[in-house]
Amino acid sequence: MERIKVNKEKNEVILSFNEKFYNKKFIDKAIEEFKEVCDAKKEKDLIFLTPKEKVDLDILGYEFYNYVLGLIKNN
Amino acid sequence: MEGNLEIHEKEGYVWVSVNPKIYSLDVIYSASYMFLETCYVMIDGDPMEEVIVELRPKNKTGLIDLRVIGREFNNELVNYANYAAQCIRNAGIRETILKMVLLTQEGESAKNTTTSETNSLDNNPKPEKETVVTDTGETYGKNKSEQGKK
């Protein structure tokens, strides 16, 4: 399952979520709360995260995934 | 593949295959949540057929540790499934206890209100009417006998 793809040229990480497990409202909330860390763009079912500072793109993607899961569990 | 674990040592993650007919989505979420501090967790698959949980340790580990992580996850599934089953079993008793507690509290608060109202009446008697003296020297109020005195 390749849900996290890194595009080093564009300095962005592309995420896809299985909507059966990750509700859109929690993804949107996570995007909102990651505003200080990165810019987010949604295209169809994909989310493009562009960090504002130099970070490991893989880590950014994984941390975002974890954050969404945390929101789901805490709701 | 070892049981329900698929270990990807080079890539540094383990896939845990979970049967959603045995472990509900809530249980899977709860078990996954326990690993957020030490691993990156991703959930995929089909909630009706097979759920795949990817556990990727934040600190790179070897084959043995990936196996341990996968097995620990299985343990957490059992743990939370047991907790969920107990919650269902105890739901009736819990509701009864809560109702009893609430009824008791309502009774006590009613008693306290009655007692405090009685006390307030005893300690704060109604004030007497004030005596008002006008410019013409007329007095109104309780002490009319003082009329004209200045």
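Proteins come first, then strands; the chains are lettered A, B, ... in the order of their sequence lines, and each starts at number 1.
Between atom OH of residue Tyr29(B) and atom CG of residue Leu69(A) there is a gap of 7.5 Å, rounded to the nearest 0.5 Å.
Taking a 6.0 Å sphere around CD of Gln86(B), one finds it holds more than 12 heavy atoms contributed by other residues, nucleotides or ligands. In this structure, Asn7(A) places its CG atom where more than 12 heavy-atom neighbours from other residues, nucleotides or ligands lie under 6.0 Å away. Surrounding NZ of Lys29(A) are at most 12 heavy atoms belonging to other residues, nucleotides or ligands under 6.0 Å away.
Linking ILVMFWY residues whenever their side-chain heavy atoms come closer than 4.5 Å, directly or via other members, places Leu71(A) and Tyr40(B) in the same cluster. Tracing side-chain contacts under 4.5 Å through hydrophobic residues (I, L, V, M, F, W, Y), one reaches Ile22(B) starting from Leu25(B); they form part of the same cluster. A continuous path of hydrophobic side-chain contacts links Val51(B) to Val16(B) [ILVMFWY only; heavy atoms under 4.5 Å]. One hydrophobic cluster, built from ILVMFWY side chains closer than 4.5 Å, cannot hold both Leu46(A) and Phe17(A); they sit in different ones. In the hydrophobic clustering of ILVMFWY residues, with side-chain heavy atoms under 4.5 Å counting as a link, Tyr23(B) and Met48(B) come out apart.
Under the ring-ring contact (aromatic ring centres under 6.0 Å, His included) criterion, the residue pairs touching residues 71-93 of chain B are Phe35(B)-Phe73(B), with sequence neighbours excluded.
Within residues 52-68 of chain A, the residues approaching chain B closer than 4.5 Å by heavy atoms are, in numerical order, Ile59(A), Tyr62(A), Glu63(A), Tyr65(A), Asn66(A). Close approach to chain B, defined as a heavy atom under 4.5 Å from one of its heavy atoms, is seen in no residue of residues 34-42 of chain A.
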What pairs of donor and acceptor atoms, side-chain ones from residues 20-27 of chain A against any protein atom, are under 3.5 angstrom apart with sequence neighbours left out?
from	atom 1	to	atom 2	distance (Å)
Tyr22(A)	OH	Ile43(B)	N	2.9
Asn23(A)	OD1	Lys25(A)	N	3.0

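Using a 4.5 Å cut-off between heavy atoms, Leu36(B) touches chain A through backbone and side chain atoms alike. For Asp26(B), no part lies near chain A; criterion is any non-hydrogen pair under 4.5 Å.
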